[in-house]
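Reminder, nothing fancy here: chain letters follow the sequence lines and each chain counts from 1.
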Amino acid sequence: MTSSTRAAPPPTTQTPVAWARRRLFNSWYNSLLTLVLGVVAGYLAYRTILFVAVNGRWSPVRVNLTLFMTGTFPRDEQWRLVAQIYLMAAAIGVAWGAITASAADRAADSGIAANRASAPDLLRRYWSLLLLIAVILGFTRTVWPIVFALTALAGGLGLRSATHRLPRALRQASWYFAAALGIASFQVLTGTGGISWWWASALFSLAAFQFASAKDYARFLGSVMVWPVSGGKRLVTTKHLARFKMASQILAVVAAVVVGRVLYWLIGDTTSVGWDKWSGFHLTLVASFAAIILAFPIGMLLAMGRRSSLPAVRLISVSYIEFFRGVPLITLLFTGDLFIGFFLDTDTPLSAITRAIIMLTIFTSAYVAEIVRGGLQAVPKGQIEAGQAVGLATPSIMRLIVLPQALRAVIPAMVGQFISLFKDSSLLSIISIVEFLEVRSLVHNQEAFRGFGIAETLAFVAFGYWAITYAMSKESERLERQLGVGER
Amino acid sequence: MQKSDRRLLAIFGLVLALSLIAASCGNDDDGAEPEATVELTQEGVSRLQLVQERDELICGSRGDSPGYGVVQEDGSYKGFDIDFCAVVAAAVLGDSTKFTVVPLTSAERFTALQSGEIDVLIRNTTWTATRDGAEGANFLFTTFFDGQALMVPASTGFTKLEDLAEASICVVAGTTTELNLTAVFSAREIPFNPVVFDDTSTLRPAYEEGQCEAWTSDASQLAGWKFTIEQEDGGEQHIMAEVISKEPLGPVVADGDTEWAQVVNWAVMSTVQAWEFDLNSGNIESYDGEDPNILNFLGRADFNPGLGLPDDFAVQVVSQVGNYEEIYNRHPELVPLDGSVNDLWTNGGLMYVPPYR
């Protein structure tokens, strides 16, 4: 009689009428409130539907859809974007398959049933993204984008289940394959374009390296990165080989970069499209996610630097954080735009977009540092002392004990910061980068749309931002639940 | 040796092999690929040489100014300023499509010029003493004489500034336009009420609803709005003939490279010269007259003035882009050309270029 003393709650099957009576009309003032709010909500819904379906003059969006999505990206090179979508879908499919497979592995190891994400579950998580895709496809005037989207989706899902079924020995390899596909997707976009290629490779190897190392870190990044990521299985399991782990991971990442490059070299494409040709929604996504991926490790190092016992390291970290947190982002963007070119007296000036990503990264990393510091302070000192007691070195204590707990605690704040960064990318228009929002002003300078459909284009752009940020916050919510933030 | 040991060794070997392959491939690749990023600034090399080596002109302009530069649905730029980018590209590189537009805000344009990021700035920039001096910019031939003007609904019958006594005048806040308006009206002692707006998109509906009797801005901007309002049946509009400020707009290059400045200047001026000679994109290639000046201009008379341009640059410019009149009339948003200050000097306008000889 120990566990059964607490009886399960009675089944709560109610008829809708009973539910409504209990929740909406349980007293005269609540009934009144329900009626009033119901009328207001109904009116708003009616006006919204009227706006979207009947009155809205959507032709500025319909005609300029490509401009909104890719801006002034050369139309002859548009196939690169299609290729990127396919490769990206493949990368996501493989990575996703590896995630579910390693989750199943873990579950098998510990003898519990793996809980696979069900379709309704995924729908709840990503419905805003699906809606965004549906809206964009709804605006297209040819059938091709729909064909591309559907085949890419089918391909991604196919690769996911194929990867899921791979033998266990190939688990790690599938991660690197996903990374190589991701790199290749950017490679195809930039062609052989010098510095852009190195940028894309560096970004992806950084991302790939991260999910191959610290598990929680990887999970966290997975919530904000372009492809979902979860804990990779340790490459080397025996103690003796553990010390080569880092080296092997670095080499594996190099290999991923190299494979991407070799694959691309085999295709034999010799033209190039530099970063400076990117614009529109595509640029907004790339610039903000590049800054997110770069700002995270820098911010984490700064946070640890601020708590370091070495005065020089502490001083540098504190001055960096306090300076860049104290300066408005607009000032930094202008500074970057006007002065980086003069400071770095190189033969090839950085493109405006590279400069903007640098400034966004610098700015965000200062905030990330403070958020991570908050998390570090939340880890009790006893934890570190316990680590020391069992003879761990400081880096190991950080990596194995402190950071996993600290990062877990700051997920909500961190995702909040990244959402804000994503929206702040609209400020890039002041340094004449044509990002998503700026396309709108270009559209309204066209002869046909001057002063026409202003509210409609604004609604479209706002919806684009909302869909992405909503998906980000849903992902963070899921991570919080999964990692048990807020419990205990 | 343990099993996992061997596996790791295999991975290392694979990675090493791949790196080696890639390193060698990478080198081949780098050798074969075209120069994707060409140096923009280099000691001892003139801008002209840089542009020729790059085989592309980088033109600072804008995409948010109707008539001067807008971005079309297909992502390409179109406008009066953009056409002059094409003119320079046609003259220097022989192909009017070999240019890239870098959109710039007014705050950045001179920095972009000084840092060498752009070759030429053609972004309706007013030539002023400060810009010529302190900003290190070198202003060339004025392609468009603009000026601040006032627009009224034609139904009001107003024609001169004095008619606007006690009238409300719509103006965008914080611009030199607002300052000019106050300066001119108080100098002439005409009382008026300024109605100030944050930007044009809020000003326009107010003007159309009759919150103010007149709208003041640059004549070229007003012409664009006049065009739009009349297209949308907003009633006939009238732009007053009197202009209350001088705004000469033209291409700008960085100080310190005379050769490049000459090249851009003569490329731009050739459009006006062709107009004066009655040569246009349709007839320039088939010219069969005997006028020695024209033959020189077309580069058929073995004449090279030593500007650093190919002999036939004018033919390239006019046949590919057009003469000044053609370029101008391609953009209906601009003030009608006939009889305006931008007409040819022989018609009483200001377009007058030095002789090509």
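For A:I433, no part lies under 4.5 angstrom from a heavy atom of chain B. Heavy-atom distances place the backbone of B:S65, and not its side chain, under 4.5 Å from chain A. The part of A:V434 that comes within reach of chain B is its side chain, from C-beta onward, which places non-hydrogen atoms under 4.5 angstrom from that chain. With a threshold of 4.5 angstrom between heavy atoms, A:T70 does not approach chain B through any atom at all.
A:I431 CD1 to B:L104 CG: the interatomic distance, rounded to the nearest 0.5 Å, is 11.0 Å. To the nearest 0.5 Å, atoms NE2 (A:H444) and CG (B:D64) are separated by 13.0 Å. To the nearest 0.5 Å, the span separating CD on B:E117 from CZ on A:R355 amounts to 4.5 Å.
By the 6.0 Å contact criterion, CD on B:E236 is open, its count of non-hydrogen atoms from other residues, nucleotides or ligands being 12 or less.
The two atoms that bring A:L67 and B:V71 nearest to each other are CD1-CG1, 3.7 Å, heavy atoms only. Between A:R75 and B:G75 the shortest heavy-atom distance is NH2-N, 3.4 Å. Minimum interatomic distance between B:Q72 and A:Q446 (heavy atoms only, all atoms of both residues): C-NE2, 3.4 Å.
The shortest side-chain heavy-atom distance between B:E73 and A:N64 falls under the 4.5 Å cut-off.
For B:T105 (side chain) and A:S432 (main-chain N/O), no donor-acceptor pair under 3.5 Å exists by modelled atom type.
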